[in-house]
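Read the structure below first, then the notes.
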Amino acid sequence: AEKRPPFQSGVLALKERKTELHFVTLDKSSGYHASIAYHDYAISRELFHWQTQNSAGINTKTGKRYLESPDNGWCFQLFVRRNKTHAYTACGEVLLEEITGDKPMNIRSRLQTPLTRNLFNEFNVIGVS
């Protein structure tokens with residue numbers, strides 16, 4: 001932990017491993033700046049919708065990393081929590097399937113290990129209050 005680089009954006013790129021970790025907090029109603037209103041939610045047990053940071057776009061280095069995967073060798077791991085008071089749940093590797101929009105980008109990912117029914121109920125848009 002003492003060697004981990006600091007980050008606050010919810011994304012940690014481990015360049016030497018070509019792995020990016022996505023830390024998602026679903027309920028941003030308290031403790032977050034008003035401009036942080038990303039639309040993140042489970043679509044199904046196998047699919048997750050995630051919005052990138054506002055700085056990630058189709059012509060940025062980060063955006064190209066998403067658009068060019070998996071051919072560029074990068075992989076992505078998803079960690080989700082309900083709100084700031086909860087611990088993150090490791091959801092495993094995701095494959096980026098559909099990318100739309102620009103700054104932020106909307107990404108639909110396929111989870112390599114489906115969510116349990118309980119986690120889907122907790123992480124879907126209806127379950128988040």
Side-chain angles (χ1 to χ4, degrees):
E2 57 274 354
K3 292 184 179 183
R4 185 181 68 217
F7 73 101
Q8 297 204 7
S9 65
V11 172
L12 179 60
L14 305 171
K15 293 176 184 168
E16 69 283 352
R17 294 184 181 185
K18 286 194 135 184
T19 299
E20 188 169 283
L21 310 179
H22 297 166
F23 294 92
V24 175
T25 302
L26 298 172
D27 181 0
K28 299 172 183 73
S29 62
S30 68
Y32 287 90
H33 189 273
S35 67
I36 301 175
Y38 304 116
H39 302 286
D40 307 321
Y41 52 89
I43 299 167
S44 69
R45 291 180 58 204
E46 297 83 19
L47 297 173
F48 195 88
H49 179 273
W50 174 68
Q51 266 189 332
T52 67
Q53 303 77 18
N54 290 324
S55 61
I58 57 175
N59 293 315
T60 67
K61 184 177 176 181
T62 301
K64 288 178 182 177
R65 179 166 56 238
Y66 301 147
L67 290 165
E68 294 169 0
S69 73
D71 295 334
N72 60 9
W74 277 83
C75 64
F76 305 92
Q77 296 280 331
L78 179 65
F79 299 82
V80 180
R81 66 181 177 181
R82 187 170 180 79
N83 59 44
K84 277 183 93 169
T85 65
H86 287 80
Y88 286 101
T89 298
C91 299
E93 186 173 355
V94 295
L95 296 177
L96 310 187
E97 284 196 342
E98 180 181 55
I99 301 173
T100 59
D102 190 36
K103 295 187 177 184
M105 301 169 83
N106 298 292
I107 299 178
R108 186 183 72 198
S109 299
R110 180 165 300 278
L111 290 102
Q112 295 306 287
T113 303
L115 296 170
T116 64
R117 288 189 197 285
N118 288 344
L119 285 177
F120 171 67
N121 289 336
E122 185 176 344
F123 295 164
N124 72 64
V125 71
I126 296 169
V128 176
S129 55

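Position 1 is the first residue of the sequence, and the numbers go up from there. Fair warning: this is a prediction, and the values are worked out from it, not measured in the lab.
- The two residues Ser55 and Thr60 make their nearest non-hydrogen contact at O-CG2, 3.5 Å.
- Side-chain atoms of Asp40 come within 3.5 Å of backbone N or O of Gln51 as a donor-acceptor pair.
- Between Gly92 and Gln77 the shortest heavy-atom distance is C-OE1, 3.2 Å.
- Following chains of ILVMFWY side-chain contacts shorter than 4.5 Å, one can reach Phe79 starting from Leu14, so the two form part of one hydrophobic cluster.
- Aromatic ring orientation, Tyr66 versus His22: perpendicular (interplanar angle above 60°, classes split at 30° and 60°).
- Rounding to the nearest 0.5 angstrom, the gap separating the CG atom in Asn118 from the OG1 atom in Thr89 is 11.0 Å.
- Interatomic distance, Leu119 CG to Asn124 CG, rounded to the nearest 0.5 Å: 11.0 Å.
- Residues satisfying the side chain to side chain contact (heavy atoms under 4.5 Å, CB included) test with Ser69, not counting sequence neighbours, are Asn72, Phe76, Leu96.
- No side-chain heavy atom of Phe123 sits less than 4.5 Å from a side-chain heavy atom of Val24.
- Once rounded to the nearest 0.5 Å, the distance linking OG of Ser109 with CD1 of Ile43 reads 8.5 Å.
- Here the side chains of Phe48 and Ile107 are not in contact, with every heavy-atom distance at 4.5 Å or above.
- Side-chain contact between Leu115 and Glu122 is absent, with no heavy-atom pair separated by less than 4.5 Å.
- Side-chain atoms of Glu97 never come within 3.5 Å of backbone atoms of Arg108 as a donor-acceptor pair (strictly under, hydrogens ignored).
- Between Asp102 and Ile58 the shortest heavy-atom distance is OD1-N, 2.7 Å.
- Put simply, the side chain of Glu68 does not reach to within 4.5 Å of the side chain of Trp74, judged on heavy atoms.
- Looking at residues two or more places apart in sequence or on another chain, you find a side-chain hydrogen bond (donor to acceptor under 3.5 Å, both in side chains) between Thr85 and Asn83.
- A side-chain donor-acceptor contact under 3.5 Å links Thr52 to the backbone of Met105.
- With contacts defined as side-chain heavy-atom distances shorter than 4.5 Å, the pair Trp50/Val94 does not qualify.
- Of all heavy-atom pairs between Ala87 and Arg81, the closest is O-CB, 3.4 Å.
- Considering NE2 of His49 and OG of Ser44, their distance stands at 13.0 Å, rounded to 0.5 Å.
- Closest of all the heavy-atom pairs between Asn54 and Pro104 is OD1-CD, 3.4 Å.
- Annotation: the span from Ile99 atom CD1 to Asn106 atom CG amounts to 10.0 Å, rounded to 0.5 Å.
- For the pair Arg45 (side chain) and Phe120 (backbone), a donor-acceptor distance under 3.5 Å is absent.
- Heavy atoms only, all atoms of each residue included: Arg82 and Thr25 are closest at O-CG2, 4.2 Å.
- Here OG1 of Thr113 is found 11.0 Å from CD of Glu46. Values are rounded to the nearest 0.5 Å.
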